[in-house]
Amino acid sequence: EDLVLTISNPSNAELSSTTSATGTIKDDSADKPVLSITATDATAEEGKAGDVLTYQVSQSNVSDFDTTVHVVLSGKVSAADVSSISYTDVNGAVVTVTDPTAIGKLFTDGFDVKVVKGQTTAPAITITPAQDNIYEVSENLDLTISSPNLDNATVDSSKATASGTITDEVTEKPTLSIVATDNTAEEGKAGDVLTYQVSQSNVSDFDTTVHVVLSGEVEAADIASVSYTNVDGTVVTVTDPADIAKLFTDGFDVEVEKGQTTAPAITVTPFNDSIYEISEDLVLTISNPSNAELSSTISAKGAIQDETTEIPMLSIAATDATAVEGVAGDVLTYQVSQSLVSDFDTTVHVVLSGEVEAADIASVSYTNVDGTVVTVTDPADIAKLFTDGFDVEVEKGQTTAPAITVTPFNDSIYEISEDLVLTISNPSNAELSSTTSATGTIKDDSADKPVLSITATDATAEEGKAGDVLTYQVSQSN
């Protein structure tokens, strides 16, 4: 600044043309303001009302000049993470930028703010995070200053950048669930599989891993294969029964990749065996998540159904089809059987019929549905087997019921061979084959064959004597 001294009103002299002299007071260079920026509110939580990042541009001391400062945004935060930026421009107007494209330009082109002469701070710069549904890492947003008019100030290089952090709200942490998107599969039906899907409630910037374990009524032997994608992105198909069994005890891990909401599907193919089975449940349960929490839906149930062609077909056969009356140990034997193994107990009703009568039978022996051996010897009770019958059972896991044996009654009557027919009906957990009857034959002991003889029961007769005759009698032994 100049200081001018001017002379006038001389006494005993006159003024020359040089009546003024100018001197200059220069400011100490040490007084030149030094600019810096700080994050006065350095964290803001996404989605929290009124929570903003606040940055302050300041200078070390007052100046008689307006100081203009250029500000540029950078850091891990992108324009999509910012809802608005508010600052006061060099004209004193408050500018609020909300358009994503315009916010993006603040990262490339920046903007200017001003420390008004006589002040040491520019109006605050505030940044409001965008509320999205993505679970993210905490991300830094840096504001860096530079001065286009270095004659009025300098920049402290150690304080030219201020960093704030946008943190994600805890409510955005994904919650994991599992569902059976295809919850039934029929054994033996080509391409029919159980399908399970692990998903999370919202997108995340993290890979989410979770552990899966198999359980339920289904066993490893009921499964042909389990296919899933592991955390390395490799499709794993398990077919060995021992390895499938380990999925019930040890389980496996799957991953929902960052930016996704579902893991690749888990598929289970039923094993096609020849056992008639009940529908059995296969449960998949998730646990031990990383970068997520578990929802209330941590288990999903699918059912393996047996193919209808596997229902057992029942038949009866006479495995020892002849018995001779009176021969020790000689019995008729009948066998009820089914075409394949079942996971159910199979019951069936048996009735006696044929030429044989109750009186021709000494005993009938069978095993009832309780597993008790029943031997019927009373003629009246045997007769009821012809009218009412009885029930036998093929136990689950078996293909035959215990044998039914019939012992002929040894009488002294010489008889023809007679058939004894056993017929099955009313099955449970099975169907009848075309062979619902079996015939056995009771033959008579050859010792019963009658022996003929003749005798003269009145061996003399007198000629001429009224009524006196010879009498002969033909007879057999039995």
Side-chain angles (χ1 to χ4, degrees), residues 133-137 168 170-273 277-306:
N133 288 320
I134 302 173
Y135 182 57
E136 300 161 297
V137 295
D168 207 359
V170 293
T171 56
E172 279 184 359
K173 193 169 190 179
T175 55
L176 285 165
S177 59
I178 186 170
V179 294
T181 54
D182 192 348
N183 63 359
T184 59
E186 184 177 313
E187 177 187 315
K189 187 175 181 180
D192 206 7
V193 297
L194 296 175
T195 305
Y196 299 82
Q197 185 79 66
V198 174
S199 61
Q200 60 188 23
S201 54
N202 52 275
V203 172
S204 173
D205 267 355
F206 303 91
D207 292 330
T208 302
T209 60
V210 68
H211 193 63
V212 183
V213 172
L214 281 64
S215 63
E217 299 164 331
V218 168
E219 300 174 346
D222 299 313
I223 296 173
S225 67
V226 178
S227 183
Y228 65 93
T229 302
N230 68 14
V231 295
D232 298 323
T234 303
V235 176
V236 178
T237 301
V238 185
T239 56
D240 183 81
D243 292 333
I244 292 172
K246 288 180 181 178
L247 302 183
F248 284 78
T249 55
D250 302 340
F252 55 93
D253 291 334
V254 297
E255 180 180 85
V256 181
E257 290 187 356
K258 63 181 180 180
Q260 304 294 323
T261 55
T262 58
I266 303 164
T267 58
V268 179
T269 303
F271 179 72
N272 187 20
D273 56 27
E277 298 161 298
I278 58 175
S279 292
E280 294 173 314
D281 292 334
L282 177 63
V283 179
L284 267 64
T285 302
I286 56 174
S287 62
N288 302 324
S290 67
N291 300 320
E293 294 179 353
L294 295 174
S295 72
S296 57
T297 309
I298 60 171
S299 294
K301 184 186 294 184
I304 295 178
Q305 299 173 336
D306 206 1

Full working for side-chain contact (heavy atoms from CB on, under 4.5 Å) between Phe271 and Thr239: CA-CA 10 Å; Phe271 179 72; Thr239 56; over 6 Å; no
Step by step, work out the side-chain contact (heavy atoms from CB on, under 4.5 Å) result for Thr229 and Val254. CA-CA 6 Å; Thr229 302; Val254 297; over 6 Å; no
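Residues Val213 and Phe248 come closest through the heavy atom pair CG1-O, 3.4 Å. Of all the heavy atoms in Thr208 and Ala292, the pair that sits closest is CG2-CB, 3.5 Å. The two residues Lys173 and Ser201 have their closest heavy-atom pair at O-OG, 4.5 Å. For Val193 against Ala185, the heavy-atom pair with the smallest separation is C-CB, 3.6 Å. The two residues Ala220 and Pro241 have their closest heavy-atom pair at CB-O, 3.8 Å.
Distance OG/Ser177 to CG/Leu294: 9.5 Å, rounded to 0.5 Å. Atom CD1 of Ile304 sits about 7.5 Å away from atom CD of Glu187, to the nearest 0.5 Å. To the nearest 0.5 Å, atom NZ of residue Lys301 and atom OH of residue Tyr196 are 10.0 Å apart. Ile223 CD1 to Ser225 OG: the interatomic distance, rounded to the nearest 0.5 Å, is 9.0 Å. Atom CD of Gln305 and atom NZ of Lys189 lie 9.5 Å apart (nearest 0.5 Å). The distance from the CG atom of Asp192 to the CG atom of Asp182 is 6.5 Å, given to the nearest 0.5 Å.
Looking at Ser295, its side chain does come within 3.5 Å of a backbone N or O of Leu176 through a donor-acceptor pair. Listed for the Asn230 side chain is a donor-acceptor partner under 3.5 Å among the backbone atoms of Asp232. Listed for the Asp207 side chain is a donor-acceptor partner under 3.5 Å among the backbone atoms of Lys258. Formation of a donor-acceptor pair under 3.5 Å by the His211 side chain with backbone atoms of Thr285 is not found in this model. Formation of a donor-acceptor pair under 3.5 Å by the Gln200 side chain with backbone atoms of Gln260 is found in this model.
Remark: the Thr262 side chain and the Ser199 side chain contain no N/O donor-acceptor pair separated by less than 3.5 Å. Inspection of the Gln197 and Thr181 side chains reveals no N or O donor paired with an N or O acceptor under 3.5 Å.
Put simply, the side chain of Thr261 reaches to within 4.5 Å of the side chain of Val203, judged on heavy atoms. Proximity of Phe252 to Leu214: side-chain heavy atoms (C-beta onward) are separated by under 4.5 Å at one or more points.
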